[in-house]
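Report on the structure given below.
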Amino acid sequence: MSTQDYAPKRKITSFYPPQRHLMGPGPSEIHPRVFSAMGKPTIGYLDPVFVEMMEELKELLRYAFQTNNALTFPVSGPGSVGMEMCFVNMVSPGDKVIVCRNGVFGGRMIENVQRCGGVAVVVEDRWGTPVSLQKVEDAFKANPDTKVLAFVHAETSTGVASDAKSLAEIARKHGALTIMDAVTSLGGTPVLVDEWGIDAVYSASQKCLSCTPGLSPISFNERVVERVKVRSEKVHSWFMDMNLLLGYWGATNRTYHHTAPTNALYALHESLLMLREEGLENAWARHQRNHLALKAGLEKLGLNYLVEEAYRLPQMNAVSVAPGIDEKEVRRRLLLDYNLEIGAGLGDLAGKIWRFGLMGYSCKMENVMLSLCALETVFTDMGVKVKFGEAEAAAYHAYAAHPARLQPVRAVA
Ligand SMILES: *Cc1c(COP(=O)(O)O)cnc(C)c1O
């Protein structure tokens with residue numbers, strides 16, 4: 001035997017991914033400033049210079065979440081880890097949790113509750129509709145011993161927004177804590193954690209924050225800290241135990257918990273700094289403006305929105321597939337001919353919808369116009385009748401009717 005026996009049998013060379021236009025459900029495109037931050041020298045996770053950066057990162061996250069919560073930091077791991085971190089700390093065996101399911105991610109929350117030994121009381125709403133406040137109110141009346149209400153603010157699988165502020169009010173009135181999924185909302189539409197009274201919230205780096213995947217910003221208020229303190233048994237996860245993690249992310253006496261993904265954190269610092277420079281209101285307005293233009297164009301192409309206008313997310317546009325067309329082939333051609341990625345439907349919506357993401361740095365005029373032009377040519381090739389230029393004209397007029405608030409994200413020199 002030799003080490004060569006285990007060597008790959010084919011020739012492997014360096015990996016160079018193509019440059020894509022990312023208009024799917026995440027990851028979104030990444031600004032060159034963020035990539036260059038990521039390429040800076042790796043330093044130790046307890047280096048005083050690194051620790052200073054961590055403090056800035058926490059401040060920038062408090063701005064993004066609109067909160068004063070001391071316990072605000074990025075967890076090492078994708079959004080799913082942020083989700084699990086909330087449940088594993090806040091749900092003890094036997095605890096009742098009302099979980100709202102109106103898409104894929106509410107379903108995952110139910111799984112989390114059950115794996116923590118909790119009892120999930122499920123409030124179901126049709127995919128593409130927001131969480132019904134009345135049903136949640138009724139669920140609390142039927143289950144007054146409920147400890148937590150969990151819901152998804154922006155359901156990426158359908159493109160629907162739910163009324164987070166009212167949901168948090170209902171939970172508080174019934175003495176329960178809230179867990180809110182803000183993975184797709186943060187940076188794209190308002191997420192006002194303190195004003196709305198959200199107790200625990202998590203997000204992810206790769207959606208409207210336009211950072212590389214693999215980090216999950218979270219924020220817990222004092223009520224959550226108190227709840228975790230009175231647990232009679234230890235949190236059932238070593239890695240995600242809030243108290244242990246605070247030994248590293250807390251303000252004083254930092255000690256080793258796990259090796260922080262230093263370079264990924266530089267990237268998040270830069271992407272949050274860019275959000276701070278642009279300003280939240282400007283970022284929200286940019287998402288809305290590009291959404292209105294894309295919508296005008298998609299509707300000209302005969303593609304109808306799944307979600308009623310009042311509940312639509314600007315950053316996630318779910319539209320019905322053009323009738324009689326091979327929807328997979330459309331996506332394949334968009335990728336092949338235009339380097340353009342869009343999302344497919346999930347679950348019951350598989351094959352029925354396309355999802356056009358306009359998240360963070362992907363949310364720009366050139367992507368809107370490119371996707372409309374690309375759809376026109378691909379549709380024409382595939383025998384669907386369209387009039388060239390009509391969709392772009394509709395988008396152009398929508399842009400003209402909604403001037404930009406301010407300059408978009410500053411370009412690199
Ligand atoms: C993407 C997404 C997640 C999961 O995030 P990952 O980073 O893929 O683990 C959770 N919730 C919502 C609403 C999402 O869109």
Side-chain angles (χ1 to χ4, degrees), residues 22-30 61 64-65 74-88 99-113 115 125 127-131 149-164 167 178-191 193 198 200-219 237 239-240 261 264-265 267-268 271 287 306-307 311-318 341-347 349 353-360 362-363:
L22 298 177
M23 293 182 71
S28 54
E29 289 167 36
I30 291 173
L61 274 179
F65 276 127
V75 181
S76 307
S80 307
V81 170
M83 181 191 283
E84 193 146 345
M85 166 120 185
C86 293
F87 286 95
V88 88
V99 186
C100 308
R101 174 164 60 186
N102 60 340
V104 168
F105 294 100
R108 291 196 180 175
M109 287 177 151
I110 298 170
E111 271 280 320
N112 268 281
V113 170
R115 283 165 194 246
D125 279 292
W127 287 31
T129 62
V131 172
L149 169 69
F151 63 91
V152 178
H153 184 210
E155 224 339 315
T156 322
S157 59
T158 65
V160 80
S162 285
D163 180 353
L167 287 166
T178 45
I179 296 177
M180 176 167 96
D181 177 316
V183 172
T184 282
S185 45
L186 191 67
T189 42
V191 174
V193 169
I198 306 292
V201 60
Y202 61 89
S203 188
S205 50
Q206 79 278 19
K207 306 217 178 176
C208 294
L209 300 181
S210 276
C211 181
T212 49
L215 289 170
S216 177
I218 57 142
S219 185
S237 159
F239 185 75
M240 281 176 274
L265 291 168
L268 184 62
S271 67
H287 284 83
L306 174 74
V307 175
Y311 310 111
R312 276 178 207 159
L313 290 167
Q315 62 272 53
M316 182 38 72
N317 297 261
E341 179 185 275
I342 65 165
L346 298 175
L349 294 171
I353 59 165
W354 286 311
R355 291 181 299 152
F356 292 82
L358 284 172
M359 297 183 181
S362 286
C363 181

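Just so it is clear, the structure is predicted and the values come from calculations on it, not from any experiment. Start at 1 and go down the list; that is how both ligands and their atoms are numbered. Excluded from the calculations below are hydrogen atoms, water molecules and symmetry mates; all remaining heavy atoms, backbone and side chain alike, are included.
Looking only at heavy atoms of the protein, atom 9 (O) of ligand 1 is closest to Ser80 OG, 2.5 Å. The protein non-hydrogen atom at the shortest distance from atom 3 (C) of ligand 1 is Phe105 CE2, 3.4 Å. For atom 11 (N) of ligand 1, the nearest protein heavy atom (residue, atom name, distance) is Asp181 OD2, 2.6 Å.
Contacts between Ala154 and ligand 1, counted as non-hydrogen atom pairs separated by less than 4.0 Å, involve the backbone only. Contacts between Lys207 and ligand 1 below 4.0 angstrom, taking non-hydrogen atoms only, involve the side chain exclusively.
Side chain of Asn102 to main chain of Thr129: a donor-acceptor pair is present (N/O by atom type, distance under 3.5 Å, no hydrogens or angles). Judged purely by atom type and a 3.5 angstrom limit, Thr184 has no side-chain atom pairing as donor or acceptor with the backbone of Ala154. The backbone N or O of Ser203 sits less than 3.5 Å from a side-chain atom of Ser216, completing a donor-acceptor pair. Counting only distance, with no hydrogens or angles, the side chain of Gln315 and the backbone of His287 share no donor-acceptor pair below 3.5 Å.
Contact atoms of ligand 1 toward Thr156: 12 (C), 13 (C), 14 (C), 15 (O) (distance under 4.0 Å to a heavy atom of the residue). For ligand 1, the atoms lying closer than 4.0 Å to a non-hydrogen atom of Gln206 are 6 (P), 7 (O), 8 (O). Near Pro78, the atoms of ligand 1 lying under 4.0 angstrom from a non-hydrogen atom of the residue are 6 (P), 7 (O), 9 (O). Interface atoms of ligand 1 facing Thr184, defined by a heavy-atom separation under 4.0 Å, are 15 (O). Which parts of ligand 1 touch Gly79 is read off a 4.0 Å heavy-atom cut-off, strictly below it: atoms 5 (O), 6 (P), 7 (O), 9 (O).
Using a 4.5 Å heavy-atom threshold, the side chains of Leu61 and Ser219 count as separate. Inter-residue side-chain proximity for Leu306 and Leu349 is flagged as met; some heavy-atom pair is nearer than 4.5 Å.
Side-chain contact annotation: Ser210 with Ser28, donor-acceptor N/O pair under 3.5 Å present.
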